[in-house]
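So the structure is just underneath, and the comments pick up after that.
Residue numbers count from 1 along this sequence.
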Amino acid sequence: MKILYFAWVRERIGIEAEDIALPEGVSTVAELAAFLGTRGEGYAHAFENPRIVRAALDRRHAKPDTPLNAAREVAFFPPMTGG
């Protein structure tokens, strides 16, 4: 699965994208974020407060409990503001 990181999420992790194989037991956006948070210091910092990190599956906004199912791409980014 392709994982994309934007804005300060990318800055904290240090990369803009990667391909990963989902580990067994990871089936929702929240579970993926929790798994990524265990992958090192930068990841832990990026996902330290999962309530503020937003996600999109195949370019559609997704809630934490959204199943990953057959998604090909997951993007993580900070909250957006309008103007």
Side-chain angles (χ1 to χ4, degrees):
M1 173 174 287
K2 184 152 192 100
I3 312 293
L4 305 171
Y5 306 107
F6 293 94
W8 57 254
V9 177
R10 177 183 61 224
E11 291 170 9
R12 291 175 181 181
I13 292 172
I15 58 173
E16 62 184 55
E18 63 183 323
D19 290 306
I20 66 164
L22 291 180
E24 191 170 318
V26 173
S27 62
T28 66
V29 170
E31 291 169 347
L32 177 57
F35 164 72
L36 291 170
T38 68
R39 297 184 70 207
E41 187 178 324
Y43 290 94
H45 186 50
F47 292 100
E48 67 189 348
N49 187 350
R51 293 177 300 157
I52 63 171
V53 177
R54 303 295 185 248
L57 298 180
D58 294 330
R59 299 182 183 199
R60 292 184 181 262
H61 287 270
K63 293 184 179 190
D65 63 348
T66 302
L68 297 172
N69 293 333
R72 290 180 281 158
E73 176 184 279
V74 180
F76 289 102
F77 48 90
M80 297 176 282
T81 59

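Under the 4.5 Å side-chain heavy-atom criterion for ILVMFWY residues, a single connected hydrophobic cluster contains both Leu68 and Ile20. One hydrophobic cluster, built from ILVMFWY side chains closer than 4.5 Å, holds both Val26 and Tyr43. The cluster map of Ile, Leu, Val, Met, Phe, Trp and Tyr, joined by side-chain heavy atoms under 4.5 Å apart, puts Ile15 and Leu4 in different clusters.
Take His45 and apply the side chain to side chain donor-acceptor pair (under 3.5 Å) test, not counting sequence neighbours, and it matches Arg12, Glu48. Under the side chain to side chain contact (heavy atoms under 4.5 Å, CB included) criterion, Asn49 pairs with Arg51, Ile52, sequence neighbours left out. Taking the salt bridge (charged side-chain N to carboxylate O under 4.0 Å, His left out) definition, one finds that Arg39 meets it with Glu18, sequence neighbours left out.
Within the structure, side chain to side chain donor-acceptor pair (under 3.5 Å) contacts touching residues 24-34 (residues at least two apart or in different chains) are Ser27-Glu31. For residues 9-41, no pair satisfies ring pair (Phe, Tyr, Trp, His ring centres under 6.0 Å), with sequence neighbours left out.
Partner Leu22 forms a side-chain contact (heavy atoms from CB on, under 4.5 Å) with one of Val74, Leu32, Ile3 and no other, that one being Leu32.
Between the CE atom in Met1 and the CG atom in Asp19 there is a gap of 10.5 Å [rounded to 0.5 Å].
Minimum heavy-atom separation, Gly42 to Ile13: O-CG1, 4.0 Å. Heavy atoms only, all atoms of each residue included: Ala55 and Phe77 are closest at C-CE2, 3.8 Å.
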Pair up each side-chain donor or acceptor in residues 57-65 with any protein partner under 3.5 Å, not counting sequence neighbours, and list the distances.
from  : atom 1 : to    : atom 2 : distance (Å)
Asp58 : OD1    : Arg72 : N      : 3.0
Asp58 : OD1    : Glu73 : N      : 2.9
Asp58 : OD2    : Arg72 : N      : 3.3

query: After noting the C-alpha distance and the side-chain angles of Val53 and Tyr5, does the key distance pass the side-chain contact (heavy atoms from CB on, under 4.5 Å) rule?
result: CA-CA 10 Å; Val53 177; Tyr5 306 107; over 6 Å; no

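Using cut-offs of 30° and 60° for the angle between ring planes, the Phe47 and Phe76 rings count as perpendicular.
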